[in-house]
Amino acid sequence: MSVQPAMPKSWRLDTKPHKFCPGCGHGLVLKALGQAIDELGIQDRAVFGCDIGCSLLSWDFFNVDTIQTHHGRTTPVVTGMKRANPNLIGIAYMGDGGGYAIGSQHLVNAAARNERITVILVNNTQYGMTGGQMAPTTMPGQKTETSPYGRDPEKTGYPTQGPEMVAAITKEGAYVARGTVANLRQLKGFIKKALENQINGGGFSFVEALSTCPTNWRTNAEETWNFVEKEMTKYFKVGEIKVPGPRQEEGN
């Protein structure tokens, strides 16, 4: 007898199976987010904003109010909605290109202002939607469509360590963590804490999720999980990087 997998109640079931490529990690990250929304009982208050890129395929994932933004602009759009209605739970969902490349200025300034929103960023080390070009998170030596001989840090720099950057520029009250689709229970816990921090009126909440892209990595199942579990974590350390401390009034 087949077992029907349990889907998050906040998912929109008539849009499943999802549109992501086989083996893509986005579906796992969104499952963790859906479970966190269910457990916190915030479906009626949540607003989900998604970026262009592979993350745009999440536009119909949830039975929550949803908006799809221009590339790199998800953070300010969700910030604006949260400021207009502080009772909302604002969730900005994006890839590493949307957050660390075209949208980096918005991420940095929202973090510096300690905006009370939750940003979830999926890191799969390349631009997935457009064919697998080198991205801010591409690993040293990693081959992509635009780095066929491997990324050379002497010429193109080192991968962006987003959570570490966000942790350095946020004030007390911020929550910052990096999880991985290879440990879904831990990732859901990080996302849940990030949402709880927003619910409790804390500061900026940011979770990076290490994810898979076998289509553009050109890897089989074993190679895919080896890369995300062993290679990526050598540079992108998994864990909580900043947890809320004593509240401090803005400007102090």
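- Using a 3.5 Å distance cut-off with no hydrogens or angles, the side chains of Asn124 and Gln126 do pair a donor with an acceptor.
- None of Thr15, Ile91, Leu30 except one satisfies the side chain to side chain contact (heavy atoms under 4.5 Å, CB included) rule with Phe62; the exception is Leu30.
- Distance check, rounded to the nearest 0.5 Å: CD of Glu39 to CD1 of Ile191 gives 11.0 Å.
- Relative to the six-membered ring of Trp11, Lys16 meets both conditions, a distance below 6.0 Å and an angle of at most 45° to the axis.
- Every salt bridge (Lys or Arg N to Asp or Glu O under 4.0 Å) that Lys234 has, sequence neighbours left out, goes to Glu231.
- Scanning for side chain to side chain contact (heavy atoms under 4.5 Å, CB included) contacts around Leu40 gives Ile42, Lys192, Leu195, Glu196, Ile199, with sequence neighbours left out.
- Here the options are Thr160, Val228, Thr137, the test is side chain to side chain contact (heavy atoms under 4.5 Å, CB included), and the partner is Asn123; only Thr137 passes.
- Applying the side chain to side chain contact (heavy atoms under 4.5 Å, CB included) test to Arg83 and every residue at least two apart in sequence or in another chain returns Thr79, Arg113, Glu115.
- Ala194 pairs by the side chain to side chain contact (heavy atoms under 4.5 Å, CB included) definition with Thr118, Tyr175, Ser205, Val207, not counting sequence neighbours.
- Atom-to-atom distance recorded for Phe61:CZ and Met7:CE is 9.0 Å, nearest 0.5 angstrom.
- Note on residues 129-141: no pairs pass salt bridge (charged side-chain N to carboxylate O under 4.0 Å, His left out), not counting sequence neighbours.
- Not a single salt bridge (Lys or Arg N to Asp or Glu O under 4.0 Å) links Asp44 to another residue, sequence neighbours left out.
- Checked for salt-bridge contact, Arg178 and Glu164 meet the test: a charged N lies under 4.0 Å from a carboxylate O.
- The stretch residues 185-226 participates, sequence neighbours left out, in these ring pair (Phe, Tyr, Trp, His ring centres under 6.0 Å) pairs: Trp217-Phe227.
- The two residues Ala32 and Leu184 have their closest heavy-atom pair at CB-CD1, 4.2 Å.
- Side-chain polar atoms of Ser55 and Ser58 form no donor-acceptor pair below 3.5 angstrom.
- To the nearest 0.5 angstrom, Ile120 atom CD1 is 12.0 Å from Glu208 atom CD.
- Hydrophobic cluster membership of Trp59, counting Ile, Leu, Val, Met, Phe, Trp and Tyr whose side-chain heavy atoms lie under 4.5 Å apart directly or via other members: none, as it forms a cluster of its own.
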Any chance you could lay out the salt bridge (Lys or Arg N to Asp or Glu O under 4.0 Å) test for Arg12 and Asp14, step after step, and finish with the verdict? CA-CA 6 Å; Arg12 184 178 169 188; Asp14 62 333; 3.0 Å; yes
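- Residues meeting the side chain to side chain contact (heavy atoms under 4.5 Å, CB included) test with Met165, sequence neighbours left out: Leu107, Val108.
- Lys19 has a carboxylate O that lies under 4.0 Å from a charged side-chain N of Asp60, or vice versa, which qualifies the two as a salt bridge.
- Residue pairs satisfying the ring pair (Phe, Tyr, Trp, His ring centres under 6.0 Å) criterion with at least one member in residues 85-108, sequence neighbours excluded, are listed as follows: His26-Tyr93, Phe48-Tyr93.
- Within the 4.5 Å cutoff, no side-chain heavy atoms of Cys54 are placed close to those of Tyr127.
- Residues that satisfy the side chain to side chain donor-acceptor pair (under 3.5 Å) test with Thr180, not counting sequence neighbours, are absent from this structure.
- Considering every non-hydrogen atom in both Pro244 and Asn197, the closest pair reads CG-OD1, 3.2 Å.
- Summarising the geometry, atom CG belonging to Leu33 is positioned 7.0 Å from atom OG belonging to Ser10; distances are rounded to the nearest 0.5 Å.
- A salt bridge (charged side-chain N to carboxylate O under 4.0 Å, His left out) check over residues 126-150, counting only residues at least two apart or in different chains, returns the pairs Glu145-Arg218.
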